[in-house]
There are 2 protein chains.
Amino acid sequence: MAEQAGTLRRTPLSRDRILRAAVALADEAGIESLSMRNLAQELGVVPMALYKHVANKDELLDGMIDVIVGEIEPLVPGADWQQTLRRRILSARQVLRRHLWAPLAIESRNMATPAVLAYLDSMVGTLRAGGLSADLAHHVMHALGSRILGFSQELFDASRQAGRSGATEPEPAAGLPPEAAARFPHLAEIATAASHDDGSVVGQGCDDQFEFEFALDLLLDGIERLRQQGWRSAHRPG
Amino acid sequence: MAEQAGTLRRTPLSRDRILRAAVALADEAGIESLSMRNLAQELGVVPMALYKHVANKDELLDGMIDVIVGEIEPLVPGADWQQTLRRRILSARQVLRRHLWAPLAIESRNMATPAVLAYLDSMVGTLRAGGLSADLAHHVMHALGSRILGFSQELFDASRQAGRSGATEPEPAAGLPPEAAARFPHLAEIATAASHDDGSVVGQGCDDQFEFEFALDLLLDGIERLRQQGWRSAHRPG
DNA sequence: ACCTGAACACCGTTCAAGT
DNA sequence: ACCTGAACACCGTTCAAGT
């Protein structure tokens, strides 16, 4: 679309409009394409105009993180703590799947924007209301880590080994390339072993959603067991 | 130290020397200070000289990751799978604590260098030798995620809320700032609740090592329980 | 054939000159 | 007072000119 100068004035710039445009740009073109200059051009504006609304690029990233945290399903009370946490975390995961740049952005930032803190605070509230001690709740928050926001650092993705970034690639089959399979026999074995539903999906690659829920439930079940046992953290060696 | 030209020739450039210098530079000045130009200057060399030994910056980062993976304690057989994994993962954690830039570098890369794959392969070998099915081992690798390499994404660090990067800061006390504590009461409560050894450390902040081991053991214990039960992943809904 | 300076196409951000 | 072009101090990488 060609720029129409003069006749049609663009909607005025605002912090909110900048943040939404930044999120959209990162969604479509990847975080590495998100520069102040690119963003300004996308908005039909001179780069310096952005600096009236965000102090610098770091603040822009913080604002973008707040935008996506705002997309997470709000707290719905009524169920037990496990179900409440589980549902909200899986909602966060759905959000993160729309914004693949977010994990990297979150890790690169120093974190702790008010919106993230509010989210974490409500999660702790759920734990406390569920009967966990403050002590246990503290450790649980650490143990869940980034999973609370719906993502996890996956080192292990047998299929991708030399591919490019590909935010929009449709999962290019599974299994290791032959020469890698020869060097790493254990990886080769388990790469094809992810028979999630009775073997019908063998070789088709693994189900991210299943893996996420598997790990999440492993943690939640272990935590509930500790809660039932009245666990206390006074067992340091030394 | 002033440059001595002519009389003393520098040791010749090599891929290995470049990688070690890059790791040292990232350790000392942070990953954001690691540029091809800075690195070249550190080595007393013109920037273009680096490109004879590494194709580009991405390959440099991959090489750096391989260097630190090489620092992880090799496999020592003899113990059960839990002890073997636990020891190696805690060794990896010690390595990562010397190279604070590594998690971000690992996340920013597409991963799967041969050295990382070899490490993962040997970890899977430990699981299989310990009696886990290939199926379960697959899910376990996903569930452990970056913890296999000794780090985890911690969203939750109650103390740091507005501080700067600070790779060398000595942990600036604990507890939330007063105004944050008022807005986020649950966070405030658990921030001071990390009484790791019988209350004597209350208020001093939390023990990263304890939190890491807590989460790791929660996972390992849960996995061992599944193994004992002969768990199989055929219970998908639908 | 090898090495390397200059150049290219970018960054985030400052600053002073225009209105 | 506000806006913005040019400029500054960087990037990673290419390329052609030097030896």
Side-chain angles (χ1 to χ4, degrees), chain A residues 3 5-6 8-15 17-19 21-26 28-65 101 104-110 113 164-165, chain B residues 3-6 8-19 21-26 28-65 101 104-110 113 164-165:
Chain A
E3 289 283 331
L8 175 60
R9 287 207 58 74
R10 288 203 162 261
T11 61
L13 215 53
S14 70
R15 184 182 158 86
R17 209 164 82 84
I18 290 173
L19 293 181
V23 168
L25 182 57
E28 289 156 23
I31 193 76
E32 75 281 355
S33 298
L34 179 77
S35 69
M36 298 299 275
R37 288 161 129 106
N38 273 349
L39 178 57
Q41 186 177 313
E42 202 79 9
L43 286 160
V45 144
V46 84
M48 280 39 77
L50 301 176
Y51 287 84
K52 289 282 118 169
H53 301 91
V54 290
N56 50 39
K57 193 176 181 181
D58 283 347
E59 198 187 287
L60 176 75
L61 288 170
D62 282 345
M64 292 169 68
I65 292 167
W101 48 269
L104 189 56
I106 289 168
E107 176 155 35
S108 72
R109 291 298 305 136
N110 275 38
T113 64
R164 256 329 264 161
S165 65
Chain B
E3 289 282 332
Q4 265 183 299
L8 175 60
R9 289 209 51 80
R10 291 204 162 258
T11 61
L13 215 53
S14 70
R15 184 183 158 88
D16 191 65
R17 209 163 82 84
I18 290 173
L19 294 181
V23 167
L25 182 57
E28 289 156 24
I31 192 76
E32 74 282 355
S33 298
L34 179 78
S35 68
M36 298 299 274
R37 289 161 128 106
N38 273 349
L39 178 58
Q41 187 177 312
E42 203 79 9
L43 286 160
V45 141
V46 83
M48 280 41 75
L50 301 175
Y51 286 86
K52 288 283 119 170
H53 300 91
V54 290
N56 49 40
K57 193 176 182 183
D58 282 348
E59 199 187 285
L60 177 75
L61 288 171
D62 281 345
M64 292 168 68
I65 292 167
W101 49 270
L104 189 56
I106 290 168
E107 176 154 37
S108 73
R109 293 297 306 136
N110 274 40
T113 65
R164 256 330 265 161
S165 66

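Please read all numbers here as calculations on a predicted model, not as lab measurements. Proteins get letters first, then strands, A, B, ... in listed order; numbering begins at 1 in each.
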Who pairs with [X] by side chain to side chain contact (heavy atoms under 4.5 Å, CB included), at least two apart in sequence or on another chain?
{"X": "A:A49", "value": "A:L13, A:V45, A:V46"}
{"X": "A:R37", "value": "A:S35, A:P47"}
{"X": "A:A24", "value": "A:E28"}
{"X": "A:S14", "value": "A:D16, A:R17"}

- Task: Check every nucleotide of DNA chain D for an atom under 4.0 Å from a heavy-atom of chain A, then give the first and the last such nucleotide from 5' to 3'.
- Result: D:dC3 to D:dA7

- Task: For C:dT14 and D:dG12, measure between their C1' atoms and round to the nearest Å.
- Result: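 That atom pair is separated by 23 Å.
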
- Working to the nearest 0.5 Å, report the span between CG of A:L60 and CD1 of A:I65.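 Spacing of CG (A:L60) from CD1 (A:I65) equals 10.0 Å.
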
- Looking at CG of B:L25 and CE of B:M64, how far apart are the two atoms once the value is rounded to the nearest 0.5 Å? 7.5 Å

- Do A:I106 and A:L61 have side chains that get closer than 4.5 Å, going by heavy atoms?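 The answer is no, as the side chains (C-beta and beyond) never meet within the 4.5 Å cut-off.
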
- Message: Reading 5' to 3' and counting Watson-Crick or G-U wobble pairs with both distances under 3.5 Å, write the dot-bracket notation for DNA chain D, | for bases paired outside the strand.
- Response: ||.|||||...|||||.||

- With heavy atoms under 4.0 Å as the rule, sort A:M36 into base, sugar-phosphate or nothing. sugar-phosphate

- Task: Test A:D62 against every option in A:K57, A:R15, A:R109 by the salt bridge (Lys or Arg N to Asp or Glu O under 4.0 Å) rule and name the one that passes.
- Result: A:R109

